[in-house]
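Since the model is a prediction, treat every value here as computed from it, not as a measurement. Letters go in sequence order (proteins before strands), and every chain restarts at 1.
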There are 6 protein chains.
Amino acid sequence: MSGVIVTNPPKADPKDVAALAGFGVATVSEAMGRTGLLGPEIRPVQQGVRVAGTAVTVLSWPGDNLMIHAAVEQCGEGDILVVTTTSPSTDGMFGELFATALHRRGVRGVVTAAGIRDTQELRDMGFAGWARAVSAQGTVKATGGSVNVPVAIDGQVIRPGDVILADDDGVVVVPRERAHETALRSKAREAKEAATRAAFLDGQLGLDRYGLRDTLKGLDVEYKTYQEYQEQQEQQEQQGYAGERP
Amino acid sequence: MSGVIVTNPPKADPKDVAALAGFGVATVSEAMGRTGLLGPEIRPVQQGVRVAGTAVTVLSWPGDNLMIHAAVEQCGEGDILVVTTTSPSTDGMFGELFATALHRRGVRGVVTAAGIRDTQELRDMGFAGWARAVSAQGTVKATGGSVNVPVAIDGQVIRPGDVILADDDGVVVVPRERAHETALRSKAREAKEAATRAAFLDGQLGLDRYGLRDTLKGLDVEYKTYQEYQEQQEQQEQQGYAGERP
Amino acid sequence: MSGVIVTNPPKADPKDVAALAGFGVATVSEAMGRTGLLGPEIRPVQQGVRVAGTAVTVLSWPGDNLMIHAAVEQCGEGDILVVTTTSPSTDGMFGELFATALHRRGVRGVVTAAGIRDTQELRDMGFAGWARAVSAQGTVKATGGSVNVPVAIDGQVIRPGDVILADDDGVVVVPRERAHETALRSKAREAKEAATRAAFLDGQLGLDRYGLRDTLKGLDVEYKTYQEYQEQQEQQEQQGYAGERP
Amino acid sequence: MSGVIVTNPPKADPKDVAALAGFGVATVSEAMGRTGLLGPEIRPVQQGVRVAGTAVTVLSWPGDNLMIHAAVEQCGEGDILVVTTTSPSTDGMFGELFATALHRRGVRGVVTAAGIRDTQELRDMGFAGWARAVSAQGTVKATGGSVNVPVAIDGQVIRPGDVILADDDGVVVVPRERAHETALRSKAREAKEAATRAAFLDGQLGLDRYGLRDTLKGLDVEYKTYQEYQEQQEQQEQQGYAGERP
Amino acid sequence: MSGVIVTNPPKADPKDVAALAGFGVATVSEAMGRTGLLGPEIRPVQQGVRVAGTAVTVLSWPGDNLMIHAAVEQCGEGDILVVTTTSPSTDGMFGELFATALHRRGVRGVVTAAGIRDTQELRDMGFAGWARAVSAQGTVKATGGSVNVPVAIDGQVIRPGDVILADDDGVVVVPRERAHETALRSKAREAKEAATRAAFLDGQLGLDRYGLRDTLKGLDVEYKTYQEYQEQQEQQEQQGYAGERP
Amino acid sequence: MSGVIVTNPPKADPKDVAALAGFGVATVSEAMGRTGLLGPEIRPVQQGVRVAGTAVTVLSWPGDNLMIHAAVEQCGEGDILVVTTTSPSTDGMFGELFATALHRRGVRGVVTAAGIRDTQELRDMGFAGWARAVSAQGTVKATGGSVNVPVAIDGQVIRPGDVILADDDGVVVVPRERAHETALRSKAREAKEAATRAAFLDGQLGLDRYGLRDTLKGLDVEYKTYQEYQEQQEQQEQQGYAGERP
């Protein structure tokens with residue numbers, strides 16, 4: 001596979017990235033209409049860490065980290081490295097040496113559809129990672145790929161310069177042109193959640209707050225006491241055996 | 001899907017629940033003849049926490065948390081919320097707002113066949129969770145389901161009022177009518193394990209303690225030195241090539 | 001299934017085991033030409049622990065821990081218990097009682113292709129474990145198997161006496177006859193990595209350090225500015241619709 | 001694990017079973033409010049076969065087929081054998097010899113949460129099977145279990161005497177007391193589907209037939225031409241970079 | 001989730017689609033530099049069928065087929081329906097009624113990241129399908145989504161109007177603007193493969209045809225007779241135990 | 001990774017291979033004490049085909065088929081190619097061109113822990129395949145590996161020259177030195193199965209034939225009528241709530 005290394009892609013505004021870093025992954029996804037999430041298979045290798053940054057994307061051959069070397073040069077302050085492979089792989093393509101080089105360049109973390117290794121060392125140096133697998137399996141440097149082209153991981157398209165936000169709940173991508181609007185909406189969403197939290201602490205039910213009692217009625221969901229429910233079940237059973245048949 | 005919300009189901013006696021809370025999940029499962037365990041796919045989202053409580057069950061449509069809102073009203077002191085979906089789902093149906101509302105009502109945790117989100121917030125507030133997935137994916141409130149009907153998760157039936165016990169090893173369900181007996185048997189089991197532990201610390205072998213040397217003999221399991229084993233392998237290889245053939 | 005319990009197999013030299021314990025799993029695997037790793041499905045049940053020891057191997061029937069009892073007697077100072085089953089299983093075959101017995105005998109940990117239970121207790125007593133699953137499911141003692149025969153876990157053959165090294169990144173097996181050589185190579189590898197780390201901290205790029213710019217050129221990987229790349233994409237789209245057709 | 005073999009459980013009326021055999025699995029599940037389905041992991045080992053019968057249930061230890069032997073005696077004309085294990089297993093617990101014995105007794109097929117073997121022989125003799133796995137792995141006869149107790153497979157409870165209906169789409173369970181009513185509803189559902197099929201063949205759209213245009217409007221789903229959509233995307237991108245910031 | 005239904009997107013030229021239909025999925029993927037493939041989890045529900053068409057894309061809520069109804073109206077002669085969900089789902093969102101409506105409109109098949117049902121009926125009517133799962137689970141019509149927006153399935157982005165080619169080996173997407181070029185390259189690739197096939201039938205080895213003997217030499221891959229290899233292994237073992245140590 | 005290509009390994013006697021070809025995979029595995037099976041993830045890409053041959057083994061880098069080219073030269077009449085990768089891969093490393101070359105050399109099939117492509121073409125030419133995945137993903141020829149070294153697939157070690165037997169139930173490996181003995185035992189096993197089959201057809205139960213009634217009794221498995229069972233359940237429930245507590 002030949003490929004291309006794209007230099008100087010447009011990036012989301014650092015102010016918007018900073019604003020988005022103030023919200024959780026769930027909040028930002030909600031603010032985008034419940035979209036943007038990488039699926040639940042991409043998990044953090046540490047706990048209690050949240051980072052936001054702009055994506056530098058890598059498309060690699062499985063078992064090969066050549067293009068990550070090429071990507072390092074394209075990475076700078078405030079970036080997050082995003083790595084995928086052309087076919088499913090769990091190899092530990094990314095480890096402590098890459099983290100060292102990226103950390104020095106101001107990169108904030110790595111998100112990969114493949115594997116990470118040296119996880120203890122990464123936690124020790126405070127370099128955050130999200131991955132499909134933890135694996136010590138090393139890789140070669142023999143096959144081409146691309147840097148800073150759009151990649152697709154677990155149902156989401158990530159373009160260079162898009163905002164990556166990641167925490168214990170997973171990873172969300174915010175298209176760079178929607179970063180500002182999404183930060184504003186996330187703030188509104190958070191305010192709304194704060195009001196709901198206060199109401200819940202005060203004893204209000206979601207059923208009442210969101211008007212869901214009517215929804216349940218409209219869907220023919222009935223309330224029954226346990227006794228009514230049991231009697232109905234028993235009746236049904238008797239009818240099932242004794243009932244007239246055509 | 002229409003459904004039913006069953007109110008005031010019978011519950012296991014709180015004294016039995018308290019008694020069961022004193023044992024680990026493995027011990028209680030052993031005490032029930034090695035039954036009652038939800039499979040290994042339901043994992044804790046925290047470490048070092050054990051809770052026991054009475055089940056309030058929810059059967060939801062995938063991607064929809066309407067019925068969890070209905071269930072909150074049915075939850076009270078000492079309950080554990082148990083959520084499943086009509087088809088496989090990893091969505092983060094349960095998060096910090098639900099935990100806030102349930103925590104206030106004295107609910108002790110959540111067990112779900114789907115996903116949990118806001119895991120860091122849940123750990124911070126001390127609300128325990130067990131789930132198949134961690135996912136920030138939000139849900140809608142559009143489709144009916146049921147509350148407090150029997151549900152099946154990973155090979156186990158859970159009825160409202162049954163005892164749920166969960167720790168780092170997973171989740172076990174104790175039918176409400178067997179709670180008392182199971183607590184007694186767990187105590188006996190624990191005593192037996194303590195004696196075994198002391199014997200093992202004293203150097204006794206399981207082979208002797210359980211009379212397994214005869215079992216091995218009866219199963220034709222032989223002891224061989226490494227040298228005997230190697231010679232047999234080599235002999236077999238030679239015969240394999242030189243032996244007479246019919 | 002009948003079977004065999006092999007006594008007194010040859011073991012790797014304790015000095016080599018001690019030397020290997022000084023390196024990470026990833027380093028040792030690299031030193032063996034990127035081989036020897038059990039796949040990414042075998043995960044630690046604790047964090048931040050590294051152990052090395054000599055393998056005592058067990059081949060068990062699924063749902064049955066009889067042969068682990070037989071293996072305990074074969075275990076001694078510096079060993080690591082390695083357990084697999086004749087067909088896929090997630091049962092919690094190994095728990096706190098076995099750990100107690102093995103701990104007393106100087107065994108350093110357990111690696112299993114099946115499940116572990118009592119994980120909190122194991123962490124508390126400092127007995128390390130790596131497993132495919134955490135499960136409270138108990139097992140019987142009814143069917144035979146073997147101890148100290150070669151076993152295959154996740155693509156690797158493990159023979160009794162081979163060196164097992166395990167940490168947060170996973171598990172690697174070093175054939176006993178290659179332990180000495182591998183420790184030497186690991187040391188060389190580590191020195192090489194230290195030099196690379198220093199160079200990376202100094203700002204050198206992997207592209208230059210490994211001569212990868214020529215590799216990229218040889219693979220026809222091109223550099224393009226984002227503007228060039230976008231223009232090419234648009235051009236391609238126009239040609240796609242307007243181009244001459246045969 | 002001790003256990004129980006329950007004899008002579010009540011069974012669904014053969015007339016209702018015969019009636020249900022006339023419908024597909026999807027139709028019957030729809031007729032029960034989209035419930036009753038075993039999940040998509042239980043797959044047929046043949047193609048183009050549909051069977052209906054009454055469940056004889058088996059709960060076995062993994063790697064052990066003792067209880068299937070006990071179940072054979074409980075099986076008769078019109079039954080379907082339903083097998084699950086106390087923990088996940090893929091072993092080939094069921095093969096041609098069991099099929100021979102059951103075929104002779106008028107049993108119509110097997111549904112198992114574990115594995116099947118001798119699949120070619122089963123197809124040759126016309127004995128239908130649905131399983132999680134195909135595996136040649138044989139099993140022992142050493143550990144107890146139960147026959148004709150309720151079992152839970154993939155989210156569904158199956159009791160002895162319940163109706164099992166299985167085809168290329170999977171397996172559905174109809175509680176025995178709901179068999180008659182479900183057959184009637186399935187017939188109504190089929191009639192409704194026939195009318196829809198005719199309307200669709202006549203060119204009517206689901207959007208119109210089900211009044212979904214209003215649903216879409218109520219959900220704020222908008223129609224846009226491709227040109228409008230592209231212009232909006234581009235505008236958004238420009239605003240994203242040039243817009244005023246607070 | 002609100003959404004958008006995009007009408008009249010540009011489509012690949014039917015002549016190019018027809019040309020691509022003449023090649024296998026593997027050939028076309030090779031012709032695009034080994035890219036474009038949906039991963040191996042999307043499998044055909046029939047055998048021996050190959051279709052090519054232009055994508056009409058659907059992004060649906062899990063457990064909900066509302067947007068497929070909206071998409072039917074956007075489908076026409078030569079299209080292939082491509083369905084994905086906002087989070088992982090195996091539900092049988094697509095069945096015989098949809099196939100009937102689409103078949104009448106000249107649609108050639110369906111590719112879905114979720115599930116298909118009525119598989120026997122689809123095979124009978126000659127409507128081809130590729131899916132992650134076969135499941136009879138029905139769905140509701142309650143939540144919005146989008147039609148003819150770009151979607152990401154298993155690592156690939158599919159835009160409306162792109163070419164979908166599917167056969168027994170899986171599914172490949174050809175961007176609409178690259179359809180013509182890819183058809184030409186596929187033809188060249190096929191010619192090359194025909195020459196290779198002839199050479200192989202004539203006894204030539206890939207080692208010689210592709211000049212791989214030098215590659216092997218350059219990678220230090222050595223040839224050894226079995227005897228040499230065995231002797232080396234034994235020597236290594238002896239040295240491992242007897243060798244001098246520092 | 002450097003590697004080695006081993007030439008002229010010893011092979012199982014063709015007469016034994018021919019004898020083993022007369023039995024099913026399940027029978028041969030039983031004859032070896034229920035061992036030798038590759039796990040259930042390696043599935044056939046055709047139906048109704050059984051082959052036996054001697055293994056030529058390949059250890060490849062993921063995404064790379066260089067070593068298969070090297071292996072072709074080592075393959076001859078009566079061999080079966082066995083391919084694995086150094087880390088998990090689903091790539092379509094093996095397709096119609098390799099099958100053409102091997103078919104000409106008298107090779108009988110391929111077994112791979114990775115993927116196969118051109119499955120329709122393979123079925124058409126009668127070249128049998130077993131694989132973990134079907135995938136059109138092509139591979140490069142850039143990284144070294146080994147031919148005719150022992151490999152481990154799904155829990156089994158396969159050495160060059162060992163017998164591979166594969167059918168619809170999966171794949172079994174017979175160590176070359178045990179081929180003769182295993183063929184004899186398989187014959188005995190088949191005779192025993194024939195007798196059992198006849199007995200079963202004659203109405204005998206496995207319970208009686210294998211003396212399992214005593215086994216059940218020894219395991220405390222009780223027989224109860226449905227009525228007794230129900231009464232016990234109800235009694236237990238009442239006691240559960242009314243019983244004395246300490």
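- Annotation: residues 66-77 of chain F contacts chain E through Leu66(F), Met67(F), His69(F), Ala70(F), Val72(F), Glu73(F), Gln74(F) [non-hydrogen atoms, separation under 4.5 Å].
- Rounded to the nearest 0.5 Å, atoms CG (Leu207(E)) and NZ (Lys141(F)) are 11.0 Å apart.
- Only the backbone of Asp202(E) comes within contact range of chain F, with heavy atoms under 4.5 Å apart.
- In terms of heavy-atom pairs under 4.5 Å with chain F, the best-connected choice from Gln204(E), Gln47(E), Glu193(E) is Gln47(E).
- Here the shortest heavy-atom pairing between Ala133(F) and Pro40(E) reads CB-CB, 4.3 Å.
- Atom CG in Asp168(E) sits 11.5 Å away from atom CG in Leu122(F) (nearest 0.5 Å).
- Annotation: the span from Asp118(F) atom CG to Asp169(E) atom CG amounts to 5.5 Å, rounded to 0.5 Å.
- Salt bridge Glu121(F)/Arg197(E): absent, no basic N to carboxylate O contact under 4.0 Å.
- The contact between Leu201(E) and chain F is made by backbone and side chain atoms together, counting heavy-atom distances below 4.5 Å.
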*Show the numbers, then the answer: is there a side chain to side chain contact (heavy atoms under 4.5 Å, CB included) between Tyr226(E) and Asn148(F)?*
CA-CA 9 Å; Tyr226(E) 184 75; Asn148(F) 278 335; over 6 Å; no
- Item | Thr90(F) vs Glu41(E), side chain to side chain contact (heavy atoms under 4.5 Å, CB included): CA-CA, chis, key distance, verdict | CA-CA 10 Å; Thr90(F) 57; Glu41(E) 294 189 13; over 6 Å; no
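- Contacts of Thr215(E) with chain F are made by side-chain atoms alone, with heavy-atom separations under 4.5 Å and no backbone atom involved.
- Residues of residues 91-105 of chain F that come within less than 4.5 angstrom of chain E, heavy atom to heavy atom, are Glu96(F), Leu97(F), Thr100(F), Ala101(F), Arg104(F), Arg105(F) in numerical order.
- Annotation: the span from Gln137(F) atom CD to Thr35(E) atom OG1 amounts to 8.5 Å, rounded to 0.5 Å.
- For a residue to count as touching a neighbouring chain, one of its non-hydrogen atoms must lie under 4.5 Å from one of that chain's; by this rule Tyr223(E) touches chain F with backbone and side chain alike.
- Within the 4.5 angstrom heavy-atom criterion, only side-chain atoms of Arg43(E), from C-beta onward, approach chain F.
- Contact annotation for Asn8(F): only backbone heavy atoms (N, CA, C, O) come within less than 4.5 Å of a heavy atom of chain E.
- Interatomic distance, Ile5(F) CD1 to Glu222(E) CD, rounded to the nearest 0.5 Å: 10.0 Å.
- Contact count against chain E (heavy-atom pairs under 4.5 Å) is highest for Val134(F) among Val134(F), Asp124(F), Val45(F).
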